[in-house]
Structures are given as structure tokens and as C-alpha cells.
**Student:** 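Take a look at the following structure, please.
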Number of protein chains: 2
Amino acid sequence: MAMPRTNKKPATITDVAIAAGMSIGTVSRYINGYEVKPANKERIERAIADLSFSPNALASGMKSADSRMVGLLVPDYDEFHAGLLGNLATTLAQEGLVTLTYCHESNSAVAKEAMRFFRTHRVRALIMSWPDADRNDITEMIAQGVQIVTYDNIIDFAGGDRVVVNNREASFKAVSELIRLGHTRIGAVTGDLRRWTAKERLAGWRDAFEAANIPAPEDLIFPCDWYRADGHRAMEHFWKMDTPPSAIFAANYQISLGILVFCQENDITLPDDLSLFSFDDVEAFHFSTPRVAAIGQPVHDIAQAIKARLLENNKAKRPATTPISVVDCAVHFRESIGPYRPKSV
Amino acid sequence: MAMPRTNKKPATITDVAIAAGMSIGTVSRYINGYEVKPANKERIERAIADLSFSPNALASGMKSADSRMVGLLVPDYDEFHAGLLGNLATTLAQEGLVTLTYCHESNSAVAKEAMRFFRTHRVRALIMSWPDADRNDITEMIAQGVQIVTYDNIIDFAGGDRVVVNNREASFKAVSELIRLGHTRIGAVTGDLRRWTAKERLAGWRDAFEAANIPAPEDLIFPCDWYRADGHRAMEHFWKMDTPPSAIFAANYQISLGILVFCQENDITLPDDLSLFSFDDVEAFHFSTPRVAAIGQPVHDIAQAIKARLLENNKAKRPATTPISVVDCAVHFRESIGPYRPKSV
DNA sequence: TTGTATGCGTTATCAA
DNA sequence: TTGATAACGCATACAA
């Protein structure tokens with residue numbers, strides 16, 4: 001029922017002090033966990049309950065010049081980033097930290113606006129996956145003591161922390177398994193090769209061939225963007241080749257979904273006609289037939305690593321021992337990969 | 001590189017005023033969009049750029065008693081809620097509003113903490129899906145002028161706005177289609193029947209039978225919780241029956257996934273052995289074989305409806321014309337449903 | 001159109 | 001251990 005808004009103003013610390021019959025200093029100290037006389041403590045607690053007082057985080061943040069907020073800037077609210085956000089927000093809340101989110105959609109203007117937003121809100125730290133971030137914004141924030149943590153991205157500015165997964169090694173394992181299964185024509189749908197992650201994942205693909213002493217099929221590298229349409233386009237391209245790949249390594253899950261769509265449309269059966277290994281493990285891969293082999297990024301561990309960085313740097317005020325944390329991925333072999341079999345014509 | 005944090009303090013509005021050679025009042029007005037002399041405007045703009053000043057949202061929010069933050073309290077960061085968050089955060093950002101998130105995990109203690117959190121941060125509005133919310137918290141917040149919007153949930157307190165989807169009607173359509181296909185033994189895996197949404201969806205199931213003049217098979221109602229395990233348990237139960245259902249209506253996607261798992265495990269083929277219609281449409285349903293028929297909640301529209309509520313109530317300061325917005329779901333018929341065929345023994 | 005001055009709810013510094 | 005008081009950065013009422 002939309003009733004006229006009453007706007008009873010929230011009780012302030014002064015109200016509490018008056019109700020409890022003491023100075024606001026004492027109340028403030030109680031709230032912040034300093035020692036007060038047990039008798040006073042009780043009276044304060046009762047006053048707080050009576051007035052249903054809750055401290056004003058804005059005022060406290062303004063005075064103490066610490067907002068206790070951290071920003072999270074993601075390209076997208078896909079399954080991975082939603083999971084990251086969830087884990088991060090929850091774990092940071094336990095430390096009394098708030099998470100502000102912004103989604104840049106790979107759009108510079110939006111990202112710029114996001115930076116403005118985070119600066120305006122005086123976030124104490126900024127966690128982001130945005131390689132094109134404006135250098136001026138970043139350096140300005142760092143100069144002001146904002147901790148910058150980049151996730152799975154390399155930006156070479158001074159003062160930032162980095163958390164990454166072992167992209168290269170995990171990719172190596174996946175592709176090596178394909179090679180072990182007898183595949184040599186293994187396509188790589190790389191994602192955006194201007195990005196560090198894409199480069200690393202492709203490097204893992206190369207490593208696998210090198211380790212197996214097989215020349216890497218450079219003609220099967222398909223550079224593109226990160227989306228479904230790219231996976232689909234890659235398949236269109238591959239399937240027109242004289243010797244198409246017998247297996248594919250896809251650099252993220254959206255690309256893989258695009259590949260799956262193409263396979264559906266063209267009656268390509270996994271793993272008989274094609275083996276597929278994907279970076280990123282999503283729910284859809286568990287319910288497709290066959291289930292898709294995938295490299296899972298451990299969202300929980302990543303969130304913990306980021307948190308550790310934040311606390312370490314803020315609590316101890318000392319430089320991190322190492323500026324980069326590496327988190328290991330899980331590699332799941334599933335039914336979408338199978339032994340190489342020569343193409344029946 | 002972890003360098004010693006410099007902590008250069010951010011420029012304040014006073015700094016800007018000095019640099020521009022005028023009073024902070026003028027600068028403040030410029031920032032807030034009031035008219036200033038063009039000449040002054042230029043000087044202010046330059047000063048702001050030189051100092052790379054960004055206004056302190058905490059201070060401004062404190063002064064104006066409006067944090068411009070809204071809270072979002074969700075049970076989970078699943079595909080649906082992640083989508084909602086994304087849409088909401090993006091659309092609200094366009095209005096200069098910040099979204100704070102908290103996930104209660106259906107846990108009272110966590111939810112309680114979330115309420116404390118939102119009150120402390122003086123959110124101007126709270127969007128939530130939490131039927132067990134503490135009445136005292138709610139009424140206190142409403143009294144203080146916080147707008148409460150419940151999503152797809154009914155809490156009967158005065159002063160709240162509600163946004164819901166047409167659960168009952170959409171369910172009716174889905175089940176009617178199953179009946180049209182010849183099914184009469186249609187199971188209902190209901191989710192938590194203490195919840196309004198669950199009741200509504202079950203009511204839609206009943207409506208369909210009534211409209212078809214068929215007695216509803218009450219023995220096929222399986223009350224449970226909302227998770228994968230519940231869908232699995234439901235199937236275990238059904239499959240032991242003398243006359244098991246030939247079709248199933250599942251009240252959310254997690255339940256459906258549990259059902260899919262059971263079918264995989266027991267070689268139950270969709271739609272030959274069983275038809276499945278699910279509430280909630282997720283990516284996994286598009287990539288399973290067969291694709292799962294589902295009712296999609298239009299996350300974008302829901303976010304817009306919520307936004308409309310927020311703006312309406314805050315801009316015009318008048319009561320909403322109606323306290324409840326209904327958003328229509330899309331009903332997708334897909335290959336997981338097929339004509340009834342008598343069970344071959 | 002602009003300047004001045006007050007106060008928002010806290011924390012922190014200083015004496016007591 | 002506590003009380004009084006000065007900031008914190010900004011918006012705004014009022015005066016000019």
C-alpha cells in the first residue's frame with residue numbers, strides 16, 4: 001500500500017547518547033569496539049535497541065576517510081562473473097566491506113563512467129577486468145591510496161595487484177589430452193588476442209604441440225572475439241577447409257556454445273565427428289549431450305585470493321610480498337572428447 | 001608492483017573553489033547543475049580537470065540525506081538473479097543510483113545481517129525477495145522513508161511496492177499445452193509451498209485441469225524445496241508409482257535440472273518416456289537434448305518495472321497509482337514435450 | 001548570479 | 001575511562 005512516506009529521521013548517535021545519559025564520545029567508542037564500563041555498555045545497548053539506532057555509514061566513512069567499499073568492474077554478468085561477484089560480495093561482507101558493481105560491457109564510455117562512479121564513491125579498492133582502462137584514472141586512484149586488483153588481466157602499471165588463473169598450464173593439459181587421443185588437427189578459437197588471457201591460452205595450445213614434438217597447425221588458429229557468434233563463425237570457417245580439424249580448443253564458454261549450435265545445425269556429432277574442449281565450465285556443459293569437457297575456473301578460490309590481497313595490503317600497510325597470485329584451474333575430461341578417427345567420406 | 005601507498009588526499013570542493021578563484025557555493029551549484037556564469041563555468045571546469053577532482057558521494061549524501069544507493073537482497077546468485085542484478089544495476093546507474101547487493105542464501109541470520117547492512121548504508125530503497133524478512137526491520141525502514149520493493153513475493157506489510165510475473169497464467173499455459181498433447185497424469189514439483197510463487201504456479205497447474213474439465217491428479221503434487229535435489233527426489237518418488245506421470249511441470253529450473261539428472265541416470269528419454277515443462281528458462285535448457293520447454297521470466301522487463309517504481313515514488317512524491325506491477329512471462333514450447341503415448345511395458 | 005555561514009552524523013584529539 | 005569539541009566535504013538558506 002502506497003501510503004504517504006513518513007520520513008521519520010533515523011536516530012543519530014547523539015540521540016543515543018542523550019537516551020543513555022552520556023557523551024557521544026563514549027557511545028562512539030562502544031560502537032567501534034573500544035572498552036567502556038560494563039554498566040555504560042548496558043545502557044548504551046538498551047538505548048540503541050529502544051531507538052533502533054543504526055550507525056550512518058556515510059558519515060562515518062566521510063570522517064574516517066575510509067568508505068569500506070570496494071568496486072568490482074566486470075565486462076558482463078555471465079555465469080562466471082556472477083559467481084565471482086557472489087563469492088566476493090559474501091566473503092567481503094564478512095570483513096565489513098561493501099561491494100559496488102559496475103558492468104562495462106566492453107564499452108569504453110561505460111567503463112569511463114564506471115571509473116568516475118568508483119572514484120566518486122571513494123572505494124578503497126577496485127577489482128577489475130578491464131585492460132583498456134584509462135591510465136590517468138588508474139594512476140590517480142593509486143596515488144590516492146586506492147588499491148587496484150586486476151583479475152585475469154595484465155595491465156602494466158605500478159602499484160597494482162594481480163590475481164590470475166594458470167591459463168597456460170590448464171590449456172596445455174587440455175590440448176595435451178586431445179593429442180594423446182590421437183588428434184593433431186586441433187583448432188584453436190582464441191578469443192580476443194589483444195588480451196593477455198587469450199594469448200596465454202593460445203600459448204598453452206602451442207606448448208602441448210611442442211611437448212608432443214608435433215608442429216602446431218598454425219592454419220587452425222582462429223582469432224576472434226569472445227562471443228557465441230565467434231564460435232559459430234569459427235566453425236563455418238573450419239568446416240569449409242579441405243582438412244578440417246578433428247578437435248577444437250575453445251578459449252571461453254560463449255565461443256563453445258556457438259560451436260555447439262553450429263554442430264546442432266549441421267548434424268555434427270560429438271565426439272565422433274569432432275572433439276571439443278572448452279575453457280570455462282558452465283552449467284550448460286553438464287546438461288548437453290555429450291557433456292562438454294572443460295577447464296573450470298575456481299571462482300571461490302579466486303574470490304579468496306582477491307580478498308587475501310585486499311586484507312593483506314590494508315591491514316599491514318606493507319607491500320605485498322608478491323604482486324601476483326595464481327589460482328589453479330580444474331581440468332574436467334568429459335564425453336565431448338574422444339579418440340581421433342579418420343574422417344569417413 | 002606494491003609500492004608504498006602514497007595516499008595523496010583527493011581534492012575537495014574547496015580546493016577547486018580556491019583554484020578557480022571563487023566560493024565553494026558557486027562550485028557546488030555548478031556541480032549540481034544550477035546556472036553559473038559561462039565565464040565561471042569555464043574556470044571551474046579547468047580547475048576540476050587540473051585537480052582531477054571528483055565529488056565525494058559520501059559527504060554529499062550525508063548532507064542531502066540521500067545516499068542515492070539502493071539495496072538488492074537476493075537468495076542466490078543463480079542465472080536468474082544474476083541477470084536481474086545486471087539489468088538493474090545498469091539501468092539504475094543511468095539514473096545515478098548505486099546498487100548494493102547482498103545474498104541471504106535463505107538463511108535468516110544472514111538476511112538479518114543484510115538488513116543491518118542496508119540500514120547502515122542508508123539505502124533509499126530496498127529490492128528484495130525474502131518473505132521471511134523481519135517485520136520490525138521492514139516497518140522501521142519504511143517509517144524512515146525507505147522504499148521497499150518486493151520481487152515475486154508477497155509480504156503483507158503496508159507501504160511496500162510489488163513487482164511480480166504472471167506466475168499463475170504462465171503456468172496455466174504450460175500445463176494446458178501438456179493437456180492438449182494428451183497428458184493427464186501431469187506431475188507438479190512445486191518448490192516451497194509456503195511461498196507465494198509456489199502457490200501461484202501450482203494454482204496455474206490446477207487451473208489448466210479445471211479448464212479442460214479433467215480432475216487434477218492430486219496424488220502427483222510433490223511439495224518440496226527449490227533445489228536440484230528436490231527434482232531428483234521427486235522423480236525417485238514418481239518413478240516408483242504404479243501409474244507414474246507421463247509429464248511433469250517443474251516450478252523452477254533447479255528442480256528441472258535435478259529431473260534431467262535422474263532421467264540421464266535412468267535412461268528416461270524425453271519426450272518419449274516423459275514430457276518436461278519448466279518454470280524459468282536458463283541457458284542449459286537450450287543446449288540439452290532435447291531442449292527443455294520453459295517459461296522465461298523477462299529479466300529486462302522486471303528490472304524496468306522495478307526502476308519505474310523507484311523513480312515514480314521518489315520523483316513525484318506521490319503514492320503509486322497501484323502498488324503492484326505484473327510482468328508477463330514468455331512461454332517457450334520446445335522438444336522436451338511431446339504427445340502422450342501409453343507406456344509400453 | 002554569487003558569497004557566507006551553518007549543519008549533516010561521525011571520528012579523533014585533547015583534557016580531565 | 002570519559003566528556004567536550006574540532007574537523008571531515010558538501011549542500012543550502014539567506015543575504016548581498
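Naming convention: chains lettered A, B, ... in sequence-line order (proteins, then strands); numbering from 1 in each chain.
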**Student:** Rounded to whole angstrom units, what separation is found between the CG atom of A:D66 and the C1' atom of C:dA12?
**Tutor:** 15 Å
**Student:** Measure from CG on B:L51 to C1' on D:dG9 and round the result to the nearest Å.
**Tutor:** 15 Å
**Student:** Check the phosphate of C:dG9 against A:T12, side-chain N and O only, distance under 4.0 Å to OP1 or OP2. Yes or no?
**Tutor:** no
**Student:** Please report, rounded to the nearest Å, how far the P atom of D:dT2 is from the NZ atom of A:K41.
**Tutor:** 12 Å
**Student:** When every nucleotide of nucleotides 11-16 of chain D is labelled 5' to 3' by its protein contacts under 4.0 Å (heavy atoms), B for base, S for sugar-phosphate only, - for none, what sequence of letters results?
**Tutor:** BBB---
**Student:** Can A:K112 and A:D137 be counted as an ion pair, charged N to O under 4.0 angstrom?
**Tutor:** yes
**Student:** Can B:N87 and B:H300 be counted as having a side-chain donor-acceptor contact under 3.5 angstrom?
**Tutor:** yes
**Student:** Nearest whole Å is fine: how far is D:dC8 P from A:N56 CG?
**Tutor:** 19 Å
**Student:** To the nearest Å, how far apart are B:L58 CG and C:dG7 P?
**Tutor:** 22 Å
**Student:** For the atom pair CZ (A:F117) and OG (B:S54), what is the distance rounded to the nearest 0.5 Å?
**Tutor:** 12.0 Å
**Student:** Of the options C:dT1, C:dG3, C:dG9, whose atoms approach the side-chain atoms of B:M62 most closely?
**Tutor:** C:dG9
**Student:** I'd like to know whether the aromatic ring centres of A:Y77 and B:Y77 sit less than 6.0 Å apart in this structure.
**Tutor:** no
**Student:** Taking CZ from B:R68 and P from D:dC10, how many angstroms apart are they, rounded to a whole number?
**Tutor:** 16 Å
**Student:** Whether the side chain of B:T139 engages the backbone of B:R135 through a donor-acceptor N/O pair (distance < 3.5 Å, no angle test) should be reported.
**Tutor:** yes
**Student:** Just by distance, with hydrogens left out, do B:E35 and B:Y30 show a side-chain donor and acceptor under 3.5 Å apart?
**Tutor:** no
**Student:** How long is the line joining CZ of B:R119 and C1' of C:dG9, in whole Å?
**Tutor:** 15 Å
**Student:** Have a look at A:Y30 and say if it touches a base, only the backbone sugar-phosphate, or nothing, with a 4.0 Å heavy-atom cut-off.
**Tutor:** nothing
**Student:** Quick one: A:M22 CE to D:dT1 P, roughly how many Å, whole number?
**Tutor:** 14 Å
**Student:** Restricting to non-hydrogen atoms, name the atom on A:S67 and the atom on A:R122 that form the minimum distance, rounded to 0.1 Å.
**Tutor:** OG-O, 2.6 Å
